[in-house]
Amino acid sequence: KEIQKKVKNILQTGLYTNSVNVKKFEESFKRIFKAKYCVAVNNGTSALHLSLLALGIKKNDEIIVPSLTFIASAAAIDYVGAKPIFVDIKENDWLINVDIIEKYISKKTKAIMAVHLHGLMCDMDKIKKIAKKYKLKIIEDSAQAHGSTFKNKMPGFYSDAATFSFYPTKNLGAIGEGGAILTNNKKIYEKTKRMRAWSHKKNDFYEISFNYRMTEFSAISLLSKLKFLKNDIKRRINISELYKKHLKTNSYSHFNKKIKKHSFHIFAIRVNASKRLLIIKDLTKKGIDTNIHYPYSLSKLKVFKNRKKTYTPISNKICNELISLPIYPELEDKKIIYTSKSINRILK
């Protein structure tokens, strides 16, 4: 009802994009995430693209990025003419292996893109230490990390810029599309803010820019849903604990709960790669929908044919093993237990 009322107000004003509600959302989002600045855009990929431009990333620069993530992480690097350097992940948490990042740093390396996969933040202490040593920028792809923390700090605290997606399936999903950039750097804020809307300068332009504006309709849905984010994350964590309790496999992501808060955008398990499709088929027969995030290792994709060759055996293996299980705040305990028992029987 609240959203319907606000939609009616927007229709009456005729201000459909990048107006009052977008500004309200930016203020609310930056306050919750304890950042100085927020720039709302039309989707998470645009947020990555603008952030890379604001960080001064140029043609032929190299950006460190994990091999296991959605293609948008690397595609945004390609948009600015830079080259993604794919680094393998760790076996236990499926995040970029910070212990091998330095092996792939060259004179052309300009930044590290930390991707907080499934809602689990990377080891930002080690990434920041490496970035400082080699004078690199840090960008956090936080598309899946609404409500996640590392040492009680949220995305944006450790980096030059953190980007978010509000695709409908996310922990904070818009009715439509949406994205945002959080930063504590005024120059990054000012550049990304102007570049999302053509970079107007009176009767001139600062630079060639883009139409990446967020709609007022997306903004009102996000403003309404922000109120529920904290409790939704609590429920997602609770669901993950129920899965861990009832599943007879421990092939899920493992992490140190003392320093990390996982927001569980996705709860996935590893299964035998040769039997994954059969397992999914059997679960579907039992009325249980699953998904695969993501069935590829970026280092193996032909679209990145000009990339530097890197060694990513763990990413190559795990991308063929992961199955994402149902997880959303409204999911009932009995269905979690039913799903767990069904998986146990199938795996047995």
Side-chain angles (χ1 to χ4, degrees), residues 33-35 48 51-52 55 57 61-70 73-74 76-77 82-164 181-185 188 252-266 297-299 308 310-319:
F33 280 77
K34 299 176 182 176
L48 282 170
S51 296
L52 288 165
L55 290 173
I57 306 304
D61 286 345
E62 294 179 356
I63 310 296
I64 300 291
V65 64
S67 187
L68 188 68
T69 175
F70 184 51
S73 305
I77 296 169
K83 294 180 180 179
I85 304 300
F86 298 113
V87 174
D88 208 3
I89 59 172
K90 283 196 169 184
E91 189 111 25
N92 64 327
D93 60 12
W94 318 329
L95 301 175
I96 191 167
N97 188 343
V98 292
D99 298 327
I100 63 172
I101 286 176
E102 288 187 82
K103 285 169 52 178
Y104 296 99
I105 292 174
S106 71
K107 290 180 180 179
K108 292 183 178 180
T109 308
K110 294 294 184 291
I112 299 169
M113 184 182 288
V115 180
H116 305 318
L117 196 72
H118 296 180
L120 184 63
M121 286 183 68
C122 302
D123 188 331
M124 295 310 297
D125 274 351
K126 288 186 179 179
I127 288 173
K128 193 157 187 178
K129 189 176 180 181
I130 294 167
K132 186 177 180 181
K133 180 178 177 181
Y134 294 94
K135 297 179 180 178
L136 306 176
K137 302 293 186 183
I138 302 173
I139 180 170
E140 293 174 88
D141 183 342
S142 314
Q144 302 180 3
H146 316 80
S148 306
T149 61
F150 176 80
K151 293 188 174 179
N152 294 317
K153 303 296 183 185
M154 299 181 192
F157 178 82
Y158 296 94
S159 60
D160 295 280
T163 66
F164 294 81
I181 301 159
L182 289 182
T183 183
N184 293 314
N185 184 306
I188 292 172
Y252 38 76
S253 173
H254 293 267
F255 60 97
N256 186 345
K257 292 181 182 178
K258 291 181 180 178
I259 62 171
K260 293 187 180 186
K261 178 184 175 184
H262 198 320
S263 62
F264 288 101
H265 164 58
I266 290 169
S297 177
L298 293 178
S299 63
K308 280 187 177 179
T310 53
Y311 186 58
T312 61
I314 298 173
S315 297
N316 303 348
K317 182 174 185 284
I318 289 178
C319 72

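Taking CD1 of Ile96 as the start and NZ of Lys90 as the end, the distance is 11.0 Å to the nearest 0.5 Å. Annotation: the span from Ile105 atom CD1 to Ile112 atom CD1 amounts to 5.0 Å, rounded to 0.5 Å. Distance CD/Gln144 to CG/Leu117: 5.5 Å, rounded to 0.5 Å. In this structure, the separation between CD1 on Ile130 and CD1 on Ile138 is 9.0 Å, given to the nearest 0.5 Å. If you take CG on Leu120 and NZ on Lys261, they are separated by 13.0 Å, rounding to the nearest 0.5 Å. Note that OG of Ser106 and CD1 of Ile85 are 6.5 Å apart. Values are rounded to the nearest 0.5 Å.
Donor-acceptor pairing under 3.5 Å is recorded for the side chains of Ser315 and Asp88. Using modelled atom types and a 3.5 Å distance limit, the side chains of Asn316 and Ser297 yield a donor-acceptor pair. For the residue pair Glu140 / Thr163, no side-chain donor-acceptor distance below 3.5 Å is found, with atom types taken as modelled. Glu102 and Tyr134 share a donor-acceptor pair across their side chains, judged by distance under 3.5 Å alone.
Shortest non-hydrogen contact noted between Leu298 and Ala74 is CD1-CB, 4.0 Å. Scanning both residues, Met113 and Leu48, for their nearest heavy atoms gives CE-CD2, 4.0 Å. Nearest heavy-atom pair across Lys260 and Leu95 is NZ-CD1, 3.7 Å. Tyr104 approaches Val87 most closely through the heavy-atom pair CD1-CG2, 3.8 Å. Between Ile77 and Pro84, the shortest heavy-atom contact is CG2-N, 3.6 Å. Residue His262 comes nearest to His118 through the heavy atom pair CE1-O, 3.1 Å, listed as atom of the first residue, atom of the second, then distance.
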Practice item. Please step through salt bridge (charged side-chain N to carboxylate O under 4.0 Å, His left out) for the pair Lys108 and Asp61, ending with a clear verdict. Key: CA-CA 5 Å; Lys108 292 183 178 180; Asp61 286 345; over 6 Å; no

Practice item. In sequence, state the C-alpha distance, the side-chain angles, and the governing distance for Lys153 and Tyr158, and then conclude on side-chain contact (heavy atoms from CB on, under 4.5 Å). Key: CA-CA 8 Å; Lys153 303 296 183 185; Tyr158 296 94; 3.5 Å; yes

Check your understanding: Hey, mind stepping through Lys308 and Glu62 against salt bridge (charged side-chain N to carboxylate O under 4.0 Å, His left out) and telling me if it holds?
Key -> CA-CA 10 Å; Lys308 280 187 177 179; Glu62 294 179 356; 2.9 Å; yes

Practice item. For side-chain contact (heavy atoms from CB on, under 4.5 Å), just list the numbers for Ser148 and Met121, CA-CA rounded to whole Å, side-chain angles, deciding distance to a tenth of an Å, and then say yes or no. Key: CA-CA 7 Å; Ser148 306; Met121 286 183 68; 3.8 Å; yes

Point to revise | Chi angles and distances behind the side-chain contact (heavy atoms from CB on, under 4.5 Å) call for His116, Cys122 | key: CA-CA 6 Å; His116 305 318; Cys122 302; 3.7 Å; yes

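With Asp141 as the fixed residue, the side chain to side chain donor-acceptor pair (under 3.5 Å) test singles out one of Ser51, Ser159, Ser73: Ser73.
Other residues, nucleotides and ligands contribute over 12 non-hydrogen atoms within 6.0 Å of the NZ atom of Lys110. Atom CG of Asp99 sits in a crowded spot, with more than 12 heavy atoms from other residues, nucleotides or ligands closer than 6.0 Å. Other residues, nucleotides and ligands contribute at most 12 non-hydrogen atoms within 6.0 Å of the OH atom of Tyr311.
Residues Ile89 and Asn97 fail the side-chain proximity criterion, which asks for heavy atoms closer than 4.5 Å.
When ring centroids are compared, Phe33 and Phe164 come within the 6.0 Å threshold.
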